Amino acid sequence: MEPPLHPTELPRHLAVIMDGNGRWAQARGLTRSQGHTAGTTAARAFVARCRELGIGHVTLYAFSRENWGRPKDEVESLFELMRRFLDKELDTLLAQDIRLNVLGDMDALPLLTRKALAHTVARTAKGRAMVLNLALNYSGRDEIVRAARRMVQDGLAPAQITEQALAERLYTAGQPDPDLIIRTSGELRLSNYLLFQCAYSELYFTPTLWPDFDAAELDKALADYATRKRRFGKTAEQIGPTP
Ligand code: IPE
Ligand code: IPE
Ligand code: MG
């Protein structure tokens, strides 16, 4: 498929809340786990399409800190799926020159998942074409609290506590803020996602359930993003004509 947009109209950082696997499965009489498996297939295609388009930073919300509250067998199957996904994807990530990065508290994850993550992160460390962030056991509020704690540990004086100093201690340190956040499944909320980084992100909500979010859906979201007029607090006149 041809890239629909000029590179300057593409987000530098695209973040997605992959929601609706459960409802997708339910509508088909399948188990929630089967919904998550279908979600993984969609995630794989999504990453490949972003890479093809040349988007430099992609973030996938795979498991929130709050998702620990789900039934134990669903949580276990999600981590097992994650581990298998990482094993299977390593060669593709290397071939596509993609670097894997984790956003979230890895310490609390099951040992095998942690090992698979550490292995994939280390093996793909030289990837230059794209950073693929997996938000796993992630909480935006906790990320900010941790960054604050680290500023104290680093001995920063009050005047040294700046937005930049805090941003440098987030999981996304060194990466641009998300230009576009996509959420599938019709929910109109952020669910504790990238709370510091989303200050000026454009938001795109679609009723499409995540396993159905294909390349055509992504192209539609990107085409919508390209029409957005980002003002960053200025007046429309200061920004110039709408694209
Ligand atoms: C998103 O799908 C995947 C995760 C949260 C891990 P859901 O499992 O939340 O699907 P719904 O919202 O129940 O349909
Ligand atoms: C957000 O989806 C987290 C992920 C997609 C991993 P949820 O389904 O957990 O969000 P809520 O509970 O509907 O806000
Ligand atoms: Mg959900």
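One-based numbering, in listed order, for ligands and for the atoms of each. Everything numeric here is computed off the predicted structure, so don't read it as measured data.
With no hydrogens or angles considered, no side-chain donor-acceptor pair links Asn67 and Glu74 at under 3.5 Å. Side-chain atoms of Thr208 and Thr206 include a donor-acceptor pair closer than 3.5 Å. No hydrogens or angles considered: nothing links the side chains of Tyr200 and Arg231 as a donor-acceptor pair under 3.5 Å. Side-chain polar atoms of Asp179 and His13 form no donor-acceptor pair below 3.5 angstrom. Side-chain N/O atoms of Gln34 and Thr31 include a donor and acceptor closer than 3.5 Å. Defined by atom type and a distance below 3.5 Å, a donor-acceptor pair is missing between the side-chain atoms of Asn192 and Ser64.
A cation-pi arrangement is not found for Arg65 relative to Trp68, the charged atom failing to lie both closer than 6.0 Å to the ring centre and inside a 45° cone about the ring normal.
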Side-chain donor-acceptor pairs under 3.5 Å in residues 85-92, sequence neighbours left out?
{"from": "Glu89", "atom 1": "OE2", "to": "Arg44", "atom 2": "NE", "distance (Å)": "2.6"}

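Counting Ile, Leu, Val, Met, Phe, Trp and Tyr side chains that sit under 4.5 Å apart, directly or through other members, Leu111 stands alone, with no cluster partners.
Proximity of Arg65 to ligand 2, defined as any heavy-atom pair under 4.0 Å, is not found for any part of the residue.
By the 30° and 60° cut-offs, the orientation of the rings of Tyr138 relative to Tyr193 is perpendicular.
With ligand atoms numbered from 1 in the order given, ligand 2 contributes 11 (P), 13 (O), 14 (O) to contacts under 4.0 Å with heavy atoms of Arg189.
Under 4.0 Å from any atom of ligand 1, one finds heavy atoms of residues Met18, Asp19, Gly20, Asn21, Gly22, Arg23, Arg32, His36, Ala62, Asn67, Arg70, Leu78.
Excluding water, every protein N/O/S atom under 2.8 Å from the Mg ion (ligand 3) is given here by residue and atom: Asp19 OD1.
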